[in-house]
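One structure is given below, encoded as structure tokens.
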Number of protein chains: 2
Amino acid sequence: MPQNESVEDRPVLGVRARARVELTRAIVETARRHLAQDGPANLSLRAVARELGMVSSAVYRYVPSRDDLLTLLIIEAYDALGAAAEKAEAKVPRTDLDARFVAVGRAVRAWAIEHPHEYALIYGSPVPGYAAPQDTIAPATRVPTILIGILADAVAAGVYDPAAAPGVPAAVRRSLGPVRAAIPDVVPDDLVVRGLMAWSTLLGLVSMEQFGQFHNVLAEAASQREAFFTEALRRTSAVTTRTPAARP
Amino acid sequence: MPQNESVEDRPVLGVRARARVELTRAIVETARRHLAQDGPANLSLRAVARELGMVSSAVYRYVPSRDDLLTLLIIEAYDALGAAAEKAEAKVPRTDLDARFVAVGRAVRAWAIEHPHEYALIYGSPVPGYAAPQDTIAPATRVPTILIGILADAVAAGVYDPAAAPGVPAAVRRSLGPVRAAIPDVVPDDLVVRGLMAWSTLLGLVSMEQFGQFHNVLAEAASQREAFFTEALRRTSAVTTRTPAARP
DNA sequence: TCCAAAACAAGAGCACTGCTCTCTGTGGAA
DNA sequence: TTCCACAGAGAGCAGTGCTCTTGTTTTGGA
């Protein structure tokens, strides 16, 4: 009689299958370390194999190609960033919408600074073939999902009054088709546009800093960079979730 | 007696020197075509040499390394983008600040769509060694210079009233050190911050679209993408150059 | 005018990459 | 116990950036 065997474990993995998932994990983990150190361009399947004491051709039993390995790392990066952002946002009182947005923004930036190559991998120029594989789109939505929650709460708390929301041009409305499916209907189009702009500003700020566009523009000291970034986030939040002023 | 010889040509280049500049140009031009077609990662010095009918080692007489070749292409890209933006802005009446900003933004986006690999090269993750060489910083300022002009004109035209400008926190003020040197003193810190945010939003929008972050977010049709983008630019301009509302 | 020095092109070669193919041994299910 | 799919090793292909050596051509100064 099998003891302590949960339903999930029912189809017990054989020793070989077990070794397989373990080795796959080891490959991805080693690759992640190499990526963090040398960047996506210098990620070598052969080097990973070497470090694991196997020959390069053996790795191909576990990973179809170098690009697929990068795809796995992209997924891991999206997940790590999403987790960091969620954790930061959870520490802030849900009623303070500005603080929540700022917390998410700062978490994204902090993660990017700590993992520059991983950040470049997901938000920089796409390295592998152009089309991002399907598997990456789900984890990629974690941070945007947080932001959508803030938008919805702004409406729920009455900070943003949908009744006072201006309409958006028909062509713009049509452009929002796909994202509308992921956002509650109570959030008006105007606020969706604001949210997308806020998200673009956030990623724009982090990418520009990360990719060196702020050289000779902002001071290099970490504390000053942080001050500017936080100020920009605060301003962005302020023009995003507030009820729009009536246009005279 | 030499005829029709301008002063600039006075130190006549020898046949060899002439051939040298010509061949260097040919190398860069061929590389530019390869870059546009296959992307920075696939730019091969050997392939360029092959197309020019020479052996790979010969190219090293003209270009120190592959990374230096990429640097030359970066400079060319910055210049081409800057020229496109300047041309677009020149077509708009100088008094219409919003139209000028929108024109610049649309020009940047249009150029990015037309030259995706070049755009990725300058605003995506840095491919060569991390430090951007000195030669690239000058051409990189062409587009920001246009935006600074719009900020200054907003003050000059009284659209933005410096007297009503709120101060910025001391730490933020300090962070602006380098960029302040490039902006007229009549533009207050508050407007500088707004300008940097607008620039970040603009690049964020273009990069996200270019790097696939708007998949499953915005409709794919070009006309709808354009409508959203223009709307976002208009809104960005509106919150940038207007005199800030008095905070109650 | 002549000659050494500099510039040039070519080729071989090194160390590396991604990836494929073939071969051998072994683990695990039937 | 048998058999086969799978794992690993090794060789090999085509390509890369870059260096070094070997002849050749051009150039500028004596």
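Please read these numbers as outputs of a predicted model, since none were measured by experiment. Every chain is numbered from 1, with letters handed out A, B, ... down the list of sequences.
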### Query
Where along nucleotides 18-28 of chain C does protein come under 4.0 Å, by heavy atom, of base (B) or sugar-phosphate alone (S), with - for untouched nucleotides?
BBBB----BBS

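For N42(B) and dG17(D), the CG to P distance is 10 Å, given to the nearest whole Å.
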### Query
Given Y119(B) and S207(B), is the side chain to side chain donor-acceptor pair (under 3.5 Å) satisfied, shown in steps?
CA-CA 9 Å; Y119(B) 180 85; S207(B) 291; 2.8 Å; yes

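Of the possible polar contacts, none joining the R109(A) side chain to the L202(A) backbone as a donor-acceptor pair under 3.5 Å is found. Between the Q213(A) side chain and the I122(B) main chain, a donor and an acceptor come within less than 3.5 Å of each other.
Residues satisfying the side chain to side chain contact (heavy atoms under 4.5 Å, CB included) test with A90(B), not counting sequence neighbours, are none. Take T236(B) and apply the side chain to side chain contact (heavy atoms under 4.5 Å, CB included) test, not counting sequence neighbours, and it matches M197(A), F101(B), A198(B), T201(B), T240(B). Residues forming a ring-ring contact (aromatic ring centres under 6.0 Å, His included) with F229(A) (at least two apart in sequence, or on another chain): none.
In this model, the phosphate group of dA7(D) is approached by a side-chain N or O of R20(A) to a distance below 4.0 Å at OP1 or OP2. Taking only side-chain nitrogens and oxygens, R50(A) comes nearer than 4.0 Å to OP1 or OP2 of dT17(C).
The two residues F211(B) and P126(A) come nearest to each other via the heavy atoms CD2-CD, 3.7 Å.
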Identify all side-chain donor-acceptor contacts of residues 45-64 of chain B below 3.5 Å with residues at least two apart in sequence or on another chain.
| residue | atom | partner | partner atom | Å |
| --- | --- | --- | --- | --- |
| E51(B) | OE1 | H34(B) | NE2 | 2.6 |
| E51(B) | OE2 | R33(B) | NH2 | 2.2 |

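The stretch residues 22-40 of chain B touches DNA chain C through L23(B), each having a heavy atom under 4.0 angstrom from the strand.
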